[in-house]
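Each remark here refers to the structure printed beneath this line.
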Amino acid sequence: MAMEVKVSGSTYKTDYADRLQAERENVQKAGNEQNVDKATDQKTAQHDEYISSEKSGEKPNGLYHVGQDENGNRKIFYNDPKKTYKADGSGKDEDKKMPKVNEDVPDNDEEICVGNTDKVEREIRELKQKKEKLKQQLKAASGDEGKTKELENKLAQVERELSQKDTDTYRKQNSTFTDK
């Protein structure tokens with residue numbers, strides 16, 4: 001079934017700019033300045049504006065801030081919330097310096113642990129050896145279909161286990177940690 005619809009273009013005219021201009025002209029004709037102010041206030045959309053901390057004059061309130069080191073290079077500094085710092089980066093006392101984020105010297109209260117993955121590596125090595133033996137047995141038993149099917153199942157199981165255990169995640173989860 002075919003249908004034909006004829007519509008004139010002016011019937012569905014929804015030109016926003018024309019309607020807005022017509023509203024403004026109507027308000028101006030009325031001559032009421034108060035209505036003009038309200039109409040223009042309603043037409044301007046409010047929007048957010050970014051004001052940097054330098055323009056606002058406030059100190060950033062984050063724990064980290066970007067500054068310059070002795071050589072003038074940009075560096076990230078840590079603001080300890082327990083201490084108050086001056087604008088030049090020094091603390092309450094002139095002797096204390098602001099702690100650096102990339103400081104490599106460990107604190108005295110840190111605990112040093114050593115991770116050992118020998119047990120996991122031995123387990124993976126044994127699985128790889130078992131896989132190789134099963135491959136050799138599979139080649140040797142190429143004539144017997146029952147035995148080859150059984151060996152293929154065992155080989156598939158060992159390969160699944162090996163693919164699960166031969167990952168960094170498994171090594172991390174199953175490593176042992178001791179105090180130094």
Side-chain angles (χ1 to χ4, degrees), residues 14-28 32-132 157-180:
T14 58
D15 191 7
Y16 179 73
D18 291 343
R19 282 190 291 137
L20 190 61
Q21 183 64 28
E23 286 177 19
R24 287 182 185 157
E25 289 173 1
N26 290 339
V27 170
Q28 286 178 354
N32 191 345
E33 290 183 19
Q34 191 176 22
N35 290 339
V36 173
D37 291 338
K38 287 182 182 177
T40 56
D41 286 344
Q42 290 176 355
K43 302 306 178 205
T44 58
Q46 294 181 353
H47 61 279
D48 292 336
E49 181 180 345
Y50 171 75
I51 300 173
S52 69
S53 59
E54 295 170 355
K55 289 182 181 177
S56 68
E58 294 179 12
K59 184 179 177 188
N61 58 0
L63 291 177
Y64 298 95
H65 75 278
V66 178
Q68 291 184 346
D69 62 358
E70 304 84 35
N71 300 331
N73 297 329
R74 295 182 72 150
K75 196 165 194 173
I76 298 174
F77 293 99
Y78 172 70
N79 295 334
D80 192 356
K82 296 175 185 171
K83 298 179 183 177
T84 56
Y85 294 100
K86 297 178 184 176
D88 64 352
S90 60
K92 288 181 182 177
D93 301 329
E94 293 298 323
D95 302 345
K96 295 181 181 179
K97 289 185 178 178
M98 185 178 291
K100 296 179 183 175
V101 173
N102 298 331
E103 200 168 315
D104 292 333
V105 180
D107 295 338
N108 293 337
D109 59 340
E110 285 185 0
E111 185 178 324
I112 298 175
C113 297
V114 177
N116 187 356
T117 59
D118 289 343
K119 183 179 177 184
V120 178
E121 294 296 332
R122 186 177 336 107
E123 187 178 350
I124 292 170
R125 194 176 330 111
E126 289 173 0
L127 282 172
K128 286 181 180 179
Q129 289 173 354
K130 188 174 181 180
K131 179 181 171 182
E132 290 301 318
Q157 181 182 0
V158 170
E159 286 177 344
R160 282 193 302 268
E161 190 176 350
L162 185 62
S163 66
Q164 181 184 15
K165 292 183 178 182
D166 195 10
T167 61
D168 291 334
T169 306
Y170 184 81
R171 283 184 177 90
K172 288 177 185 175
Q173 289 175 348
N174 295 299
S175 58
T176 56
F177 293 94
T178 56
D179 293 337
K180 194 171 184 182

*Calculate, to the nearest 0.5 Å, the distance between atoms CD and CD belonging to Glu23 and Gln21 respectively.*
10.5 Å
Could you list the donor-acceptor pairs under 3.5 angstrom formed by side chains in residues 118-132, with sequence neighbours left out?
from: Glu121; atom 1: OE2; to: Arg171; atom 2: NE; distance (Å): 2.5
from: Glu123; atom 1: OE2; to: Lys165; atom 2: NZ; distance (Å): 2.4
from: Glu123; atom 1: OE2; to: Tyr170; atom 2: OH; distance (Å): 3.4

*Between OG1 of Thr169 and CG of Asn174, what distance do you get to the nearest 0.5 Å?*
10.5 Å
*How long is the gap from CD on Gln68 to CZ on Arg74, to the nearest 0.5 Å?*
8.0 Å
